[in-house]
2 protein chains.
Amino acid sequence: MIKNLAYTKPAPIFALDLGVSVREKPKIRTSIIQMAKRIKVETDLSTEEKIKEAARKVFMQKGYSATRTRDIAEEAGINLALLNYYFRSKEKLFELVMIEKMQKFFSVMAFILFDTENSLTVKVEKIVANYVDMLLENPDIPIFILSEIRSNPAKFLSIAPIADLFHNSHFVVQLREKRPDINPLHFIFNIMGMTVFPFIGGPIFKAMGALTDDSFAQLMEERKKLVPLWVESILESK
Amino acid sequence: MIKNLAYTKPAPIFALDLGVSVREKPKIRTSIIQMAKRIKVETDLSTEEKIKEAARKVFMQKGYSATRTRDIAEEAGINLALLNYYFRSKEKLFELVMIEKMQKFFSVMAFILFDTENSLTVKVEKIVANYVDMLLENPDIPIFILSEIRSNPAKFLSIAPIADLFHNSHFVVQLREKRPDINPLHFIFNIMGMTVFPFIGGPIFKAMGALTDDSFAQLMEERKKLVPLWVESILESK
DNA sequence: ATTTTTTTTAATCATTTGATTAAAAAAAAT
DNA sequence: ATTTTTTTTAATCAAATGATTAAAAAAAAT
């Protein structure tokens, strides 16, 4: 077996003769490479994975600030100290979840943005279908990501110089070609708005009783066909 | 002048002979009517209003959980105790702000929903223009409302039996008349998505550098004209 | 002018909460 | 079998945080 993977044994308190007690910070023993090894080798990830899974659930539902590490521990059915043993801190654990979700959300768009194969029409079909499928599985990803970014924009949006990448992407070029008279961002907003917004506003309609989980899912399935048609008619309009 | 408006003087601690000390809860002395009177009479609302204004700012920016009452006090330039003196608790103060913002957001839609005068076309124009105008003034209302509702759905969505009101609204009836083949919710999602989503996703595009505050505002001004046209072409499509 | 009421403050409390520690239990290595 | 390492726990810490208290200052009423 591999040596202690996350930390050294907790450092003991030692009392200074001034009567002040100082706490040594635990130091990580493992390098990233060793960490990777561990993940491959280890047969039983269940505790670590249980915590992660609980963290996903609780963080997604309540957001970073409203989540207490004790909530996560309870949800995972483990002792609170274990959470810090495996993940060092609430923030580290959160970052793991956040990065996972951001990746899930933005990769759908990124994949299309830089695809140079397909026609505009096909791309729109793919964006919508992929988002709807992904969001039906993870309906609260948009609110989660957006609200965490809002309360800490600096932290998660160090994606500074992506602007050119965006403007020069094949997809945006195609949009500009098709409708040079209209800022491509308008169409991006339209596609994303029609596709993602229902998942953001949906809970309200459900609470009103205007919608059930089932009828919502069905509606979104319909939208996989309808939204591309509507986008088409927008692109052709006038 | 009117008597102490918010609370009695704080009740003193009294020690039981068991060694346990109990704290009396402060009791509100003022009725709602007196409270209303006060608001009319009082010449200087500045402290109360300063706190409220600070609360609006901080709550909107960081959300309920990430906001510390000390943040609000500092922002308002007042002592922390004053906040509790005027508003009794963080939660009470928050509810005030939340209700204000929900009202602002939903009244735009409600106003259109039950308007029996105008044509579908005019209504769509009004929804879009009213939302864009309101949201340019208060860009973070949507994320604020949605994320607070997410973390506490029960509290803010006791709007239980609004479903019928919605389905029978003049606007929804008009939509069903125009396109009996398509669930009116699809069009609601489209209009709201195209109008509100940019304010939700905007911060990301700004962070990417694909958009400045000015160019965003300009884009949204354009959308006041464009979105109704696109909605029209969606309603006519196929 | 004096008393009463309202507003404001500094100090402090009690609870919550993220984190740590020391020791026990379990697993692995020898 | 014994030792070492890893995992888990119960207890506790320290800082943060919402709230309260008692008293001072200011304003209003008398």
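Taking the side chain to side chain contact (heavy atoms under 4.5 Å, CB included) definition, one finds that A:Q61 meets it with nothing, sequence neighbours left out. Take B:K57 and apply the salt bridge (charged side-chain N to carboxylate O under 4.0 Å, His left out) test, not counting sequence neighbours, and it matches B:E75. When the salt bridge (charged side-chain N to carboxylate O under 4.0 Å, His left out) test is applied to A:R56, the partners found at least two apart in sequence or on another chain are A:E49, A:E53, A:E100. When the salt bridge (charged side-chain N to carboxylate O under 4.0 Å, His left out) test is applied to A:K62, the partners found at least two apart in sequence or on another chain are A:D71. B:F189 pairs by the ring-ring contact (aromatic ring centres under 6.0 Å, His included) definition with A:F205, not counting sequence neighbours. Evaluation of the side chain to side chain contact (heavy atoms under 4.5 Å, CB included) rule for A:T69 yields A:L80, A:L83, A:K90 as partners, not counting sequence neighbours. Legend: residues meeting side chain to side chain contact (heavy atoms under 4.5 Å, CB included) with B:I99, ordered by chain and number and at least two apart, are absent.
Remark: of the listed residues A:K52, A:K155, A:R88, A:K155 is the sole one forming a salt bridge (charged side-chain N to carboxylate O under 4.0 Å, His left out) with A:E95.
B:T67 comes within 4.0 angstrom of the backbone, heavy atoms only, and of no base.
Taking atom CG on B:N84 and atom C1' on C:dC13, their separation rounds to 13 Å, with Å as the unit. Distance B:L83 CG to C:dT7 C1': 14 Å, rounded to the nearest Å.
Within residues 69-81 of chain A, the residues that place at least one heavy atom under 4.0 Å from DNA chain D are, in residue-number order, A:N79, A:A81.
Base-pairing analysis of DNA chain D finds the following stems of at least three consecutive Watson-Crick or G-U pairs, with both pairing distances under 3.5 Å: C:1-30 with D:1-30.
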